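In what follows, chains carry the letters A, B, and so on, assigned in the order in which the sequence lines appear, proteins first and then strands, with residues in each chain numbered from 1. Note: hydrogens, waters and symmetry copies are ignored here, and every other heavy atom, side chains too, is used. Please read these numbers as outputs of a predicted model, since none were measured by experiment.
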Protein chains: 2
Amino acid sequence: MMKQKRRHVTLEHVATHAGVSRSTASLALRGSSHISEATRERVQASMRELGYIYDRVAANLRSKDSSTVGLIIMELANPFYSELLVGIHHELDKFGKTVILGTTFDSPAIQERLLSTMLENRVGGIILSAVPGSSSEPINRFRDLGIPLVLINRKLQGAECDFVGVDNVEGGRIAIEHLIRKGHRRIAFLGGLPQLSTWRGRKQGYDEAHRMAGLEIDPTLVIESRATRQGGIEAIQKLLALPSPPTAAFCYNDTIAIAVCMHLQSVGLVPGRDLAIVGFDDIPEATIFSPKLTTVSSYIRLLGEHAARLLHARIDGADAPPQSVIVQPELIVRDSCSDPAKKSE
Amino acid sequence: MMKQKRRHVTLEHVATHAGVSRSTASLALRGSSHISEATRERVQASMRELGYIYDRVAANLRSKDSSTVGLIIMELANPFYSELLVGIHHELDKFGKTVILGTTFDSPAIQERLLSTMLENRVGGIILSAVPGSSSEPINRFRDLGIPLVLINRKLQGAECDFVGVDNVEGGRIAIEHLIRKGHRRIAFLGGLPQLSTWRGRKQGYDEAHRMAGLEIDPTLVIESRATRQGGIEAIQKLLALPSPPTAAFCYNDTIAIAVCMHLQSVGLVPGRDLAIVGFDDIPEATIFSPKLTTVSSYIRLLGEHAARLLHARIDGADAPPQSVIVQPELIVRDSCSDPAKKSE
DNA sequence: CTGAAAGCGCTTACAG
DNA sequence: CTGAAAGCGCTTACAG
């Protein structure tokens, strides 16, 4: 497919031009200390003169290493994953690794296909945000092949590998504690699906905070939905249809929270006043949206950076047992969440 | 670096196991019609049994093609480029190409380094959103090497290659025509830098619409700034300090427009009422923000898809002269832009 | 329909 | 400090 208009310059040509052997040229090129300064300079001059392009792929083939890393996420058109990519790409860049991107749209079949493709493309390692409920078998296969894999954000049952994620239980807890401190007693948990390990964590935090405050949980206030804009709208509609709606809602994530707020506004209700809203993740939209979202920050970029660093350490041979990096979330108080008593901002 | 715990299974092993030669195994694997059904099945059974992983990189080396494409953009943490990536990735995926990502942060030096890295990584082609004012020499080098390169969004002087972008002149014109139709007579052009080909196009449309309506342009109403949130704030501050401010502002892009609106709100002004705002691009935030932005859609994803398709055609050997794909923009009327006469929404 | 040989562009021992 | 040889894992002519 790739056309070569001009004669392709290889190391062979450079070596001949510089009057040395291929091996010497190879060592000179990579700055080996076994090569005399004079020779190195001669080789470099030849490289420049001939317009030599180093073929890193051929080099990797021979030396059995890899300059790429696979990144598999749910989708790109999602601020959470965009931010994750930013963190990962930025960090990997420092190590001279390039990322090969794949999106699953939460399909287990696509995930398996992508995992195979990445293998075929000789990635040095994988960062995977796993499809909920997908098989851990292909993941453990990487371990057997000696190819490092780190799971990011979502845990996967049965997968024995490194993990980087936020403390969802803690995140759920601080969100609810904040709401309780504000005087709320009936607090909904809106959106997301129990298949997601993140959902279960946040729910557990929700439960624990209630228990610690001696508050009972009304199960009708826990409304599941897909973690999309549309899912958020469905959830808030169900909530508003309840005989006695709550005064506050903790949303599975900011996408849900924004959708909920928009729906409230569209029916003439004021988010923050008529229903206090707390989100999760602190995506960039959270500050653009009005009201500015009170939310639990996942430090998404940091998550990505941790995953990249951990993976890089593994590729470099750190052969320790599986490790987890858990980022501590933080409550970011903004405008979507006011006192239930005073009904005006 | 890459550890191989288990004995690595190569085509050699598969061939031996299936009782055929390496060449036959290679052909069978790729479904060549020169191989009998029986042999193919035998080879496939062996592949499965041995857990064979096809090495696409080695294959590409030998057959001199490439399954990767380089994408070089300004930055990832920018909705415009995120959307572009979505379109490109989605389309390239169909062709079985993986993208190698690079970000320049608008540094010419980084751009040159990335271009080299991509070359070293044997990309089959490049999609580049060029750093303004960067040299066209490295770009034309790709042409000489026979590696297709398509410029996206931003034009570059002196670069002889394919281009995909939006019709900025038309975009500027329809924005201003809309404002004029609404009754505005003094219209600012806010943000962006003349180094950007997109800025110059939009500015030209701004000029033309004024001329066609017989309106004079007040040059103090054209305020340059970096195309960032911060730049937008600076621009609107300068505008508000003017002795006789305009009734409407056409913003270089949506990021600027959102920053402008937020600043207006922060000083107690109402965007849309006190100052009509039109943006450009229609990034996802435009619908989340309040007021919902009236803007000129660049059809960002479509732009990306066009670029991917064009590049793919070039890689497949379409050896025609440089081609431009110009997407027609469209005005998306939402809420940030009301009549200057009636001072209430 | 299948196999033996050469080679893609590089690096890695091994000599000297 | 430098070179000749072998080989990474595959595909491509060329025979038969």
Side-chain touch Ser134(A)/Leu156(A), heavy atoms, less than 4.5 angstrom: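 Contact flag for Ser134(A)/Leu156(A) side chains = yes.
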What is the separation between atom [atom1] on [X] and atom [atom2] on [N], rounded to the nearest whole Å?
X	N	atom1	atom2	answer
His13(A)	dC8(C)	NE2	C1'	13 Å
Leu119(B)	dG9(C)	CG	C1'	15 Å
Leu29(A)	dG9(C)	CG	C1'	12 Å
Leu11(B)	dT11(D)	CG	P	7 Å
Arg56(A)	dG9(C)	CZ	P	17 Å
His34(A)	dT2(D)	NE2	C1'	12 Å
Tyr52(B)	dG9(D)	OH	P	10 Å
Glu12(B)	dG9(D)	CD	P	10 Å

Remember a base hit wins even if backbone is also touched, and classify Ser23(B) as base, sugar-phosphate or nothing at under 4.0 Å, heavy atoms.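 Base, at least one base atom sits under 4.0 Å.
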Considering every strand and a 4.0 Å limit on heavy-atom distances, what is the contact class for Val57(A): base, sugar-phosphate, or nothing? nothing
Please tell me which of the listed nucleotides, [options], lies nearest to the side chain of [X]?
X	options	answer
Arg122(A)	dG9(D), dG3(D), dT11(D)	dG9(D)
Leu61(A)	dT11(D), dG9(D), dC8(C)	dG9(D)
Ser63(B)	dT12(D), dT2(D), dC1(C)	dT12(D)

Looking at [Y], is its backbone amide N or carbonyl O close enough to the side chain of [X] to form a donor-acceptor pair, meaning the two atoms are under 3.5 Å apart?
X	Y	answer
Asp55(B)	Leu61(A)	no
Ser82(A)	Leu76(A)	yes
Arg56(B)	Asn121(A)	no
Arg42(A)	Ala18(A)	yes
Gln111(B)	Val131(B)	yes

Quick check on DNA chain C: between Leu27(B) and Ile53(A), whose nearest nucleotide comes earlier from the 5' end?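 The 5'-side residue here is Leu27(B).
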Flag if over 12 foreign heavy atoms under 6.0 Å of CZ, Arg309(A):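 Atom CZ in Arg309(A) is crowded, with more than 12 foreign heavy atoms closer than 6.0 Å.
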Contact under 4.0 Å: [X] side-chain N or O vs [N] OP1/OP2:
X	N	result
His8(A)	dG9(C)	yes
Thr10(B)	dC8(D)	no
Arg62(B)	dG7(D)	no
Lys64(A)	dG9(D)	yes
Ser26(A)	dT11(C)	yes
Arg42(A)	dC1(D)	no

Using a 3.5 Å limit on both pairing distances, list the dot-bracket string of DNA chain D from the 5' end; Watson-Crick and G-U wobble pairs count, crossing pairs take [ ], interstrand pairs take |. |||.||||||||.|||
Which pair of non-hydrogen atoms, one from Leu11(A) and one from Tyr52(A), has the smallest distance, and what is that distance? N-CE1, 3.5 Å
Which residue lies more 5' along DNA chain D, comparing Ala59(B) with Ser21(A) via nearest heavy atoms: Ser21(A)
